[in-house]
Amino acid sequence: MRAPLSWLREYVDLPASETGRDVAARLIAAGLEVETVEQTGAGLKGPLVVGQVLAIEELTEFKKPIRYCQVDVGRGADDPQNLICGATNFAVGDKVVVVLPGAVLPGGFEISARKTYGRVSEGMICSERELGMGEDHNGIMVLPPEHEVGTDAIELLELVDEVLDIAVTPDRGYCLSMRGLARETATAYGVPLRDPALLDVPAPNAHGYPVKVTDPLGCDRFTARTVSGLRPEAQSPIWLKRRLQKAGMRPVSLPVDITNYVMLELGQPLHAYDRSRIEGPIGVRRAESGEKLVTLDGTKRVLDAGDLVITDDRGPIGLAGVMGGANTEIADASAEAADGPVSGTTDVVIEAAHFDSVSVARTARRHKLSSEASRRFERGVDPEAAAAAAQRTVDLLVLLAGGTAEPGVTEITTPSGSRTLRIPADHPDRVAGVSYGRETVVRRLQQVGCDVYGDAGQDEQLTVTVPSWRPDLTDPNDLAEEVIRLEGYENLPSTLPRPLPGRGLTERQRLHRRVGRALAGAGYVEAPSYPFVGEAAFDALGLEAGDPRRRTVQLVNPLSDEEPGLRTTLLPGLLATLRRNDGRGSHDLALFETGLVFLPTGSETAAERLPVAQRPTDEQLAGLDAALPEQPRHVAAVLAGARERAGWWGKGRPADWADAIEAARTVAAEAGVELTVESASFAPWHPGRCAALHVRLEGSRVLVGHAGELHPRVLKALGLPERSCAMELDLDLVERAATGQVQGPHVSTFPVATQDVALVVDASVPAAEVESALRAGAGELLESLRLFDVFTGEQLGAGRKSLAYALRFRAPDRTLKAEEASAARDAAVAEAVERTGAVLRGA
Amino acid sequence: MSAPNKSYDPVEVEALKPEAIDRARDEALAAVAAAGDLEALREVKAAHAGDRAPLALANREIGALPPHAKAEAGRRVGQARGAVNKALKARQEELERERDERVLVEEAVDVTLPYDRRPAGARHPLTTLSERIEDVFVAMGYEVAEGPEVEAEWFNFDALNLGPDHPARTMQDTFFVRGPDGAEDSGVVLRTHTSPVQIRSLLGRELPVYVICPGRVYRTDELDATHTPVFGQVELLAIDEGLTMADLKGTLDHMVSALFGEGLGTRLRPSYFPFTEPSAEMDMVCFVCRGASVGDPDNPCRTCSSEGWIELGGCGMVNPRVLTACGVDPEKYSGFAFGFGIERMLMFRHNVEDMRDMVEGDVRFTRPFGMEI
């Protein structure tokens with residue numbers, strides 16, 4: 001809502017020295033969000049005067065028509081002024097606005113006499129846009145003829161003003177009007193309000209335009225007034241246009257301008273029908289499904305049974321509270337010939353109605369049609385102001401358009417009692433933590449417009465009747481807020497509550513932090529990505545048609561139609577980040593992300609809209625959770641380029657599949673979980689360089705993720721560097737596999753006995769199996785085992801490899817004899833031979 | 001050593017003449033002093049302190065002397081040999097030290113060589129900023145609560161006093177989730193704030209409840225310099241007996257002090273949120289200029305645009321209707337809540353100018369933030 005300060009002053013006696021900024025500060029403190037204070041006409045300097053065109057010489061030698069005009073600006077002997085003008089929408093005798101040398105127009109545009117189009121122009125004839133009045137640049141501004149030549153146009157056009165632009169929160173519908181803003185301003189300054197809705201309104205009678213409301217819940221009030229004999233050629237006076245412009249509305253025609261003006265003034269949306277175009281009585285009813293209506297914006301709309309419509313005998317003529325129909329629109333004034341009689345609307349029916357806010361909101365949303373009217377009805381319009389608004393409209397039509405108010409007054413109302421709340425007088429005190437006292441509470445509520453009574457014999461209770469323009473005041477806390485804000489939020493003290501001692505972060509939260517630190521410590525940079533995915537991402541990953549990861553949670557209104565789903569794996573987002581970094585010139589990359597993935601269960605039910613009047617039952621709440629997909633937390637890491645760079649220290653080392661598996665192990669280690677690794681073939685990984693990662697969970701082996709080098713085809717499809725690697729784990733599963741606290745190991749101080757063995761096995765035998773066999777065979781004396789070399793070569797034969805292990809034996813209670821260590825080694829080897837067909841090398 | 005000489009002839013024991021011994025000693029000492037390196041010293045040692053050295057030979061002849069002369073000669077030779085050995089040892093040490101120093105000089109490296117063998121890792125500043133905020137409240141006794149990102153509308157809207165037709169419900173540009181059959185009205189959304197976690201906390205925890213709810217939230221904004229459809233929020237909820245708006249103010253004051261420095265005030269401005277009543281916008285004094293830039297065009301403040309205040313987010317007293325929907329008796333319990341966006345706080349706390357830097361995952365942006373913020 002844009003509120004010109006000059007207009008506000010009409011209802012509130014503000015000190016003359018108060019600037020727009022001063023008023024804004026007061027209103028902000030009272031809870032209005034004043035976004036800007038615009039200085040209209042800032043920097044504007046005259047002379048800017050009304051002139052009359054005496055002669056026009058058409059210059060034809062240029063690409064566009066140019067006029068060389070003689071204009072009288074009331075300077076006697078110094079006149080006329082010779083002015084070049086590029087517009088053609090005026091004639092000899094017209095009154096125009098002339099800016100003369102020495103003046104400065106908005107934007108610092110200095111005016112001087114200068115030669116242009118071969119003539120000297122002693123200033124300029126102005127358009128609205130040049131004066132900062134509006135966007136209209138279709139020619140220059142032609143003034144009504146009654147303004148005298150030489151009049152100062154800065155004052156005439158009210159060019160200098162301040163406009164407060166206020167973002168009105170949904171609870172403050174009344175502030176979408178000058179009346180409401182004036183009320184807040186008056187309260188903020190502690191001065192009286194001149195309420196523009198206090199008008200004498202004639203009593204309803206039976207002679208008004210017939211109206212039939214068949215849906216009194218949707219429309220609890222309908223006032224209709226008729227004005228006839230309007231002069232179609234009557235134009236909006238400058239003051240009216242200027243107020244509309246400053247408030248951000250475009251002047252259209254006098255009757256429309258008046259309804260807009262009254263809406264801005266009183267907050268009541270109005271509609272003017274051309275009486276000659278209505279057939280039969282006006283009705284208010286719900287639409288029949290499939291009924292059609294062309295609204296004023298020219299859109300043909302198919303109506304829903306929930307839409308409240310205004311009708312005549314033909315059918316719908318308006319979407320109630322949202323937008324009128326084209327078929328009863330006020331006709332623009334038009335003339336057959338330039339000097340012929342003007343034809344246009346002469347008789348109008350004024351509608352000032354009150355519609356149900358929910359109904360209007362639904363209709364506006366359904367038709368994606370938000371209008372000045374619907375914005376107000378959605379937020380609540382003062383039903384008691386309807387008759388005054390109609391009266392005000394009638395008055396202005398009579399005054400400005402020469403119309404006659406017909407005596408008929410239609411008013412249909414469904415009585416609704418005023419709303420009354422009972423609150424303890426100290427309720428605001430208890431909400432704020434401040435002792436305001438009863439007197440202050442009563443005074444502040446009265447300023448808001450409430451009637452406040454103390455309960456008989458019960459001093460601490462207040463009975464509060466809220467004003468008709470405040471439908472938002474429904475609960476005791478609403479009243480508390482009114483008191484607290486008017487007393488000033490800035491005066492609230494600062495105290496600290498004392499919560500019970502907390503238990504700190506949960507194990508799970510600690511794990512999430514540890515995982516992040518461990519990966520960052522290992523050189524990975526965290527890169528959270530958006531969770532939106534589409535089929536293309538899965539195609540690029542080479543997922544098969546039936547891959548469960550292709551089954552995504554779908555959005556109704558995705559940002560991009562290409563990405564309508566939610567991720568089932570972190571890899572698409574993380575790999576896109578990898579590519580972005582690579583494309584920007586960072587090539588040695590290690591990235592990670594932890595976040596939720598969204599896995600449809602396939603058995604989601606629709607989430608019920610449970611009541612809110614009490615706590616839902618546990619079954620109802622479980623029903624809501626059943627509507628949701630699984631949302632486990634995953635962790636993923638990707639690598640490209642060098643894991644260790646080359647430099648003066650020597651050669652570098654490219655990131656490889658083993659780094660990816662190590663990243664997974666790093667994560668698992670933070671949870672105290674050991675991953676078992678086995679080779680796997682799984683998209684999007686290289687089928688020969690992919691590890692499936694398992695944990696032991698509740699006694700069984702559970703797959704928790706994969707790691708390795710990505711498939712060359714995937715890398716090509718995604719434009720990623722060769723040999724890029726990735727890992728992804730279900731962090732929730734890893735967390736569940738955690739075995740709890742680490743048990744302190746017993747450290748033996750007896751000497752270690754080291755034995756090395758080299759075992760030759762088929763190349764296809766996984767090292768993990770050999771190691772596992774060695775461990776099993778070595779028994780309890782084995783302290784540690786380390787693979788220190790893998791060797792292939794001719795002497796082993798094709799398809800064979802040699803694995804060299806260092807075995808360390810130690811006893812907790814004695815120095816091992818050489819033969820004990822050898823026996824343990826032999827047992828280990830024997831187990832490996834047994835399980836994997838290994839041959840002891842050199843044996 | 002030769003056998004004892006019974007029939008000695010003093011004239012023949014030329015080597016034991018005092019002058020000879022002194023001469024041999026002096027020659028030895030001169031040679032030691034002249035030895036230029038350890039190799040030369042080894043030769044000097046062999047020549048003057050070895051088995052064939054003059055003093056060694058002289059020593060051997062002592063036995064041939066008459067008993068009365070033995071002591072005298074022995075003392076003389078012994079002193080001479082001692083002096084030579086001492087000189088040798090001293091020179092040896094001297095030369096070794098010189099050698100060692102030379103080697104250390106030769107082994108010197110250029111310690112200014114850069115070392116970027118393994119590029120550094122880092123955590124994302126949005127993560128670490130969120131954790132830092134959590135820690136402030138955990139230290140006060142709050143617990144961290146989490147919840148799903150795909151959420152039932154009842155938790156995201158209805159329970160928060162945002163009924164189906166509430167104007168605010170359309171204000172928040174919500175991503176709606178299709179039902180399994182493709183239905184558009186499945187009642188499931190991407191959560192638009194972390195407030196549903198407050199609801200879950202009230203439903204699932206014992207009273208009093210003091211929780212902080214960090215997490216990702218979603219709104220249908222296109223990514224640009226100041227908007228992102230996916231962003232981080234931290235919300236706080238305190239429900240207890242007798243909590244007031246003054247407690248809310250004090251809690252905000254404490255948070256701002258902990259995150260931005262002591263003595264920075266906060267300001268509440270009336271506002272509207274369906275889930276709180278009364279509601280407020282919260283601002284903090286600019287931690288950079290502390291308000292000094294207001295009205296001083298010569299010293300503008302980029303952080304607060306010379307407003308003196310920085311907008312933090314929204315807050316208020318939890319609407320009793322919210323408590324009712326969660327089965328909490330609003331006659332007995334009251335409380336407050338607030339929430340703000342992590343991205344915005346990161347932007348003004350760390351001078352980040354473009355939202356996209358925080359969402360694109362460019363390692364050049366993230367690395368400088370390190371492990372903690």
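Basis for what follows: all heavy atoms, side chains included, without hydrogens, waters or symmetry-related copies. Here is how names work: the chains are called A, B, and so on, in the same order as the sequence lines, proteins then strands, and each is numbered from 1.
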Non-hydrogen side-chain atoms of [X] and [Y] separated by less than 4.5 Å:
| X | Y | result |
| --- | --- | --- |
| A/Y530 | B/L223 | yes |
| B/R216 | A/L596 | no |
| A/P531 | B/V230 | yes |
| B/E146 | A/Q509 | yes |
| A/E481 | B/M245 | no |
| B/R321 | A/D475 | yes |
| B/K249 | A/P493 | no |
| A/L624 | B/F155 | yes |

Side chain, backbone, both or neither: which part of [X] has an atom under 4.5 Å from a heavy atom of chain A?
| X | result |
| --- | --- |
| B/D181 | neither |
| B/D253 | side chain |
| B/S334 | neither |
| B/P208 | side chain |
| B/F336 | side chain |
| B/T266 | neither |
| B/P180 | side chain |
| B/P114 | both |
| B/E151 | both |
| B/T128 | neither |
| B/A280 | both |
| B/F175 | both |

Donor-acceptor contact present, side-chain [X] to main-chain [Y], <3.5 Å:
| X | Y | value |
| --- | --- | --- |
| B/E143 | A/L505 | no |
| B/W154 | A/R609 | no |
| B/R118 | A/A522 | yes |
| A/D171 | B/Y272 | no |
| A/R580 | B/E360 | yes |

Among [options], which residue has the highest count of heavy-atom pairs closer than 4.5 Å to chain B?
| options | value |
| --- | --- |
| A/R485, A/E33, A/R643 | A/R643 |
| A/L621, A/T169, A/L628 | A/L628 |
| A/A590, A/P564, A/A627, A/S529 | A/S529 |
| A/E490, A/R430, A/R584 | A/R584 |
| A/T594, A/D472, A/D588, A/D625 | A/D625 |
| A/P611, A/P600, A/G602 | A/P611 |

For the atom pair [atom1] ([X]) and [atom2] ([Y]), what is the distance rounded to the nearest 0.5 Å?
| X | Y | atom1 | atom2 | answer |
| --- | --- | --- | --- | --- |
| B/S186 | A/Q554 | OG | CD | 11.5 Å |
| A/Y489 | B/S279 | OH | OG | 6.5 Å |
| A/L500 | B/Y210 | CG | OH | 7.5 Å |
| B/E277 | A/L473 | CD | CG | 8.5 Å |

Residues [X], [Y]: salt bridge by 4.0 Å N-O rule:
| X | Y | value |
| --- | --- | --- |
| A/R498 | B/D247 | no |
| B/E149 | A/R633 | no |
| A/R513 | B/E134 | yes |
| B/R117 | A/E644 | yes |

Heavy-atom distance under 4.5 Å to chain B: side chain of [X], backbone, both or neither?
| X | result |
| --- | --- |
| A/L578 | neither |
| A/I484 | side chain |
| A/D478 | both |
| A/L591 | side chain |
| A/Q631 | side chain |
| A/N557 | both |
| A/V431 | both |
| A/L589 | side chain |
| A/E482 | neither |

Considering all heavy atoms, the nearest [X]-[Y] contact:
| X | Y | answer |
| --- | --- | --- |
| B/R178 | A/L555 | NE-O, 3.7 Å |
| A/A520 | B/R123 | CB-CG, 3.6 Å |
| A/A607 | B/G187 | CB-O, 3.4 Å |
| A/N581 | B/G361 | ND2-O, 2.9 Å |

Please determine, by modelled atom types, if A/E526 and B/T127 share a side-chain donor-acceptor pair under 3.5 angstrom.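 Short answer, yes.
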Would you say CZ of A/R362 has more than 12 non-hydrogen atoms from neighbouring residues, nucleotides or ligands within 6.0 angstrom?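 Atom CZ in A/R362 is not packed in, count stays at 12 or less.
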How about CD on B/E241, more than 12 heavy atoms from neighbouring residues, nucleotides or ligands closer than 6.0 Å, or not?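 Count over threshold, so yes.
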When only pairs under 4.5 Å are counted, which of [options] shares the most heavy-atom pairs with chain A?
| options | result |
| --- | --- |
| B/V209, B/D221, B/L126 | B/D221 |
| B/L248, B/D185, B/L203, B/L243 | B/L203 |
| B/D362, B/D135, B/T366, B/V188 | B/D362 |
| B/G121, B/P270, B/A120, B/P330 | B/P270 |
| B/N319, B/V138, B/V328, B/D116 | B/D116 |
| B/V177, B/V150, B/L268 | B/V150 |

Report the relative orientation of the aromatic rings in A/F532 and B/Y218; use parallel for angles under 30°, tilted for 30 to 60°, perpendicular for over 60°.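 It falls in the perpendicular class, over 60°.
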